[in-house]
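Report on the structure given below.
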Amino acid sequence: MVRCLSGRLSTKLLNISIASFCKAERLEKAEGLIIDGIRLGILPDVVTYNTLIDAYCHFVSVDAAYFVLDRMREAGISPNVITYNSLIAGATRKCQLSRSLDLFDEMLRMGIPPDTWSYNTLMNCFFRLGKPEEANRLFRDILLGDLSPSAATFNIMINGLCKNGYTNNAMTLFRKLQAYGFVPQIITYNSLINGLCKARRLKEARCILKELGESGHFPNAITYTTVMKCCFRSRNFDQGFEILSEMKSKGFTFDGFGYCTVIAALVKTGRIQVATEYMKEMVSNGIQLDIVSYNTLINLYCKEGKLEAAFRLLDEIEKRGLDCDAYTHTIMIDGLCKARNIKGAQQHLAYMNTMGFDSNLVAYNCVVDGLFKVGQIDNAMNMFESMEIKDSFTYTSVVYNLCKAGRFHFASKLLIICLRSGMKILKSAQRAVLDGLRDSGYTAEAKKLRSKIRKARLLRH
DNA sequence: ATAGGGTTAG
């Protein structure tokens, strides 16, 4: 009796120690403890294995966790609902969605009844699979069955509906739940705000943000970055920067993601000085630079015209054993074009092609524009004609640059083709064609073009 | 278990 009790107590202690090692991502230590325990006669139990499985799911892989499940069975311990919940959540987190479904089936086959957590995780999995009907079916099962929904159930529903484009349904559900007395959590608000922002329903987003303020919850870093990003996306840069300063004054700090967002927005709006300050802050905060952060910084240097500094960062990337991606090369190509080093840009484009980055539409657009800018009109047009894929950037640039070169008729012809195909051309480029025709005496042609532009606009609305 | 998230061209 005493032995048994002390054994159980020891297992409890063992589990606590293992949990703390797992939390610290020190899985070898946790494994070591299990071995030590067995030597001392302290046997691991279901909690021990569940802790380990959850940690392997988080820090290693679902496969690794599954091996622990095998060991668990060999030790004669049966998995329970928590074991499977961890595995299912792990698979969902790692985007192994069909595996989540398999694990759920396996759990049912083993005669382990799923709980609300299992259903929540599975709902989330279906939403990620882009199958909102399936998720909704599970939601109904929960509501009509013996299980009771948790706050997470509602959050997953609202978030999943938004992510799948059912923002209206998410709003309706939100209001219904409120009417039933559900008190939204900060996660609920953030999900909705993000969904509304992405759906460009900024008025409603603002409304929910206001409700959040009145709810007793406080906006957190996620709320701020969501709204800030929304502003940048809709090109309300000033408003975005206001939110940024409010965020800073509240003491929220950035990680690499946040810094990149902010620096890119500052660069886009020409605030190079401030961007540089943020860059310094990011580096001095000890944030480990990854390829995206490098791209952001290289872009900053390019926009400053500091090509040597940009090349130095390229070397650094190599030294650190990271791989440049399509963004890195495109940013460099654009930088070289803007520095009027068109030869260097073309060389880099060729290099990019040999590296196997295909369909570099952006890079080609940059070089076409660059060729125009250095006055190589024919080369630019040759390249333009050789491009298999073109987009509104390509055409806008070509139309505008043709005008700069005085080829208004050609520009006009191209513009009409674009209008007919529904390709969007920047107003400034359209303006350039009209003004060019008129100023060079082709008033009638300018008039005709103007009316064509109007008609095309009518068709679009 | 559930919320956000970074980089390029006209």
Side-chain angles (χ1 to χ4, degrees), chain A residues 54 57 82 85-86 88-90 92-93 100 115-125 127-128 150-160 162-163 184-195 197-198 219-230 232 254-265 267-268 282 287 289-300 302-303 324-335 337-338 360-370 372-373 390-401 424-429 432:
Chain A
D54 196 53
C57 280
I82 296 175
N85 284 351
S86 289
I88 296 169
T92 300
R93 214 181 302 118
S100 298
D115 62 7
T116 303
W117 271 28
S118 324
Y119 273 97
N120 288 351
T121 313
L122 205 63
M123 276 164 50
N124 193 33
C125 177
F127 275 126
R128 286 210 194 176
S150 61
T153 314
F154 301 132
N155 293 337
I156 289 168
M157 276 306 292
I158 288 172
N159 182 51
C162 286
K163 290 275 160 61
Q185 301 177 309
I186 183 70
I187 294 181
T188 328
Y189 285 110
N190 285 346
S191 295
L192 259 185
I193 291 168
N194 186 46
C197 282
K198 286 243 167 89
N220 60 16
I222 294 180
T223 323
Y224 277 105
T225 48
T226 303
V227 178
M228 184 172 71
K229 190 80 227 260
C230 174
F232 291 151
F254 292 121
D255 55 10
F257 283 81
Y259 275 113
C260 288
T261 313
V262 170
I263 292 171
V267 171
K268 267 194 197 117
M282 172 162 92
I287 285 175
L289 300 184
D290 62 5
I291 190 62
V292 178
S293 337
Y294 275 116
N295 291 344
T296 311
L297 300 188
I298 291 174
N299 188 41
L300 171 56
C302 283
K303 292 295 183 296
C324 294
D325 61 8
Y327 281 92
T328 326
H329 296 306
T330 308
I331 290 165
M332 283 309 300
I333 289 168
D334 185 51
C337 286
K338 295 286 193 303
N360 333 308
L361 177 59
V362 180
Y364 275 93
N365 284 347
C366 293
V367 175
V368 169
D369 192 69
F372 273 118
K373 292 277 170 0
K390 298 163 182 146
D391 66 358
S392 68
F393 279 86
T394 329
Y395 285 103
T396 298
S397 158
V398 171
V399 167
Y400 184 80
N401 282 306
K424 261 195 185 150
I425 300 294
L426 272 194
K427 282 260 169 62
S428 54

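Reminder, nothing fancy here: chain letters follow the sequence lines and each chain counts from 1. Values below: every heavy atom of this structure, side chains too, minus hydrogens, waters and symmetry copies.
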Is there a donor on the side chain of [X] or the base of [N] sitting less than 3.5 Å from an acceptor on the other?
X	N	answer
A:Asp290	B:dG6	yes
A:Thr396	B:dG10	yes
A:Ser293	B:dG6	yes
A:Ser397	B:dG10	no
A:Asn155	B:dA1	no

Using a cut-off of strictly less than 4.0 Å, decide whether [X] has a side-chain nitrogen or oxygen near OP1 or OP2 of [N].
X	N	value
A:Asn159	B:dA3	yes
A:Asn299	B:dT8	yes
A:Lys163	B:dG4	yes

| query | How would you label the contact of A:Asn220 with the nucleic acid (heavy atoms, under 4.0 Å): base, sugar-phosphate, or nothing? | reply | base
| Which is true for A:Lys373 with a 4.0 Å heavy-atom rule: it touches a base, it touches only sugar-phosphate, or it touches nothing? | nothing
Minimum-distance nucleotide to [X] side chain [options: [options]]:
X	options	value
A:Asp325	B:dT7, B:dA1, B:dG10	B:dT7
A:Val292	B:dG6, B:dA1, B:dT8	B:dG6
A:Ala89	B:dG6, B:dA1, B:dG4	B:dA1
A:Asp334	B:dG4, B:dA9, B:dT8	B:dA9
A:Ala264	B:dA1, B:dT2, B:dT8	B:dT8
A:Asn124	B:dT7, B:dG6, B:dT2	B:dT2

Separation of atom [atom1] in [X] from atom [atom2] in [N], rounded to whole Å:
X	N	atom1	atom2	result
A:Arg93	B:dA3	CZ	P	11 Å
A:His329	B:dT8	NE2	P	16 Å
A:Met123	B:dA1	CE	C1'	11 Å

| query | What pairs with A:Tyr400 under side-chain contact (heavy atoms from CB on, under 4.5 Å), at least two apart in sequence or on another chain? | reply | A:Lys404, A:Ala429, A:Ala432
| said: If the condition is ring pair (Phe, Tyr, Trp, His ring centres under 6.0 Å), which residues does A:Tyr259 pass it with, not counting sequence neighbours? | reply: A:Phe254
| task | Return the stacking result for B:dT8 and A:Tyr327: yes when the ring centres lie under 5.5 Å apart and the planes under 30°, no otherwise. | result | no
| request: Looking only at non-hydrogen atoms, find the nearest pair between A:Asp325 and A:Thr328 and report the distance. | output: OD1-OG1, 2.7 Å
